[in-house]
**Q** 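Let me give you the structure first, and then I'll get to my questions.
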Amino acid sequence: MENRHPQPVEDYTSANLVLIFVNLLWVFVLLWSWWGLGPVLIVAVLLNHLITRLELARRRHEQRFDRF
């Protein structure tokens, strides 16, 4: 069996972030057009809270493995 090292792949982080921005934008515009600004603000605050919790969980997880 040959042991070949994989070739480096392109970094698609920027493209994915732009795609996430575009999708969030049209979802927020859709919510705003249907129900107004209130639900858009609630969803934005909820997403912000979930992203913050995800960041804290990742930090805790990394700290557990940094000890070793």
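Numbering starts at 1 and runs along the sequence shown.
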**Q** What residue pairs, at least two apart or across chains, pass side chain to side chain donor-acceptor pair (under 3.5 Å) with a residue in residues 32-58?
**A**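 Listed by first then second residue: Glu55-Arg59.
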**Q** Just list the side-chain donor-acceptor pairs under 3.5 Å for residues 6-14, sequence neighbours left out, or say none.
**A**
| residue | atom | partner | partner atom | Å |
| --- | --- | --- | --- | --- |
| Asp11 | OD1 | Thr13 | N | 3.3 |
| Asp11 | OD1 | Thr13 | OG1 | 2.6 |

**Q** Apart from Leu19 itself, what residues make up its hydrophobic cluster when side-chain heavy atoms of I, L, V, M, F, W and Y under 4.5 Å apart count as a link, directly or indirectly?
**A**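 None, because no other hydrophobic side chain comes under 4.5 Å of this residue.
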**Q** Please go through Leu50's hydrophobic cluster and name the other residues, only I, L, V, M, F, W, Y counting, with side-chain heavy atoms under 4.5 Å joining them.
**A**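 Grouped by the 4.5 Å side-chain rule, Leu46 form the rest of the cluster around Leu50.
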**Q** Would you please name every residue forming a side chain to side chain contact (heavy atoms under 4.5 Å, CB included) with Val43, sequence neighbours left out?
**A**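 Side chain to side chain contact (heavy atoms under 4.5 Å, CB included) check on Val43 returns Phe28, Leu31, Leu47.
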**Q** What about Val40 and Ile42, same hydrophobic cluster or not, with Ile/Leu/Val/Met/Phe/Trp/Tyr joined at side-chain heavy-atom distances under 4.5 Å?
**A**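 In one cluster: no.
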**Q** In the hydrophobic clustering (ILVMFWY, side-chain contacts below 4.5 Å, transitive), which residues join Leu25, or is it alone?
**A**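 Taking Ile, Leu, Val, Met, Phe, Trp and Tyr as members, Leu25 shares its hydrophobic cluster with Val18, Phe21, Val22.
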**Q** Show every salt bridge (Lys or Arg N to Asp or Glu O under 4.0 Å) that has at least one partner inside residues 20-34, sequence neighbours left out.
**A**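 Applying salt bridge (Lys or Arg N to Asp or Glu O under 4.0 Å) to every pair that reaches into residues 20-34, excluding sequence neighbours, yields nothing.
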**Q** Applying side chain to side chain donor-acceptor pair (under 3.5 Å), which residue pairs with at least one partner in residues 15-29 are found, sequence neighbours left out?
**A**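 Only Asn23-Trp26 qualify under side chain to side chain donor-acceptor pair (under 3.5 Å).
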**Q** Return the set of residues passing side chain to side chain contact (heavy atoms under 4.5 Å, CB included) with Leu41 (not counting sequence neighbours), or none when no residue passes.
**A**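 Side chain to side chain contact (heavy atoms under 4.5 Å, CB included) check on Leu41 returns Leu37.
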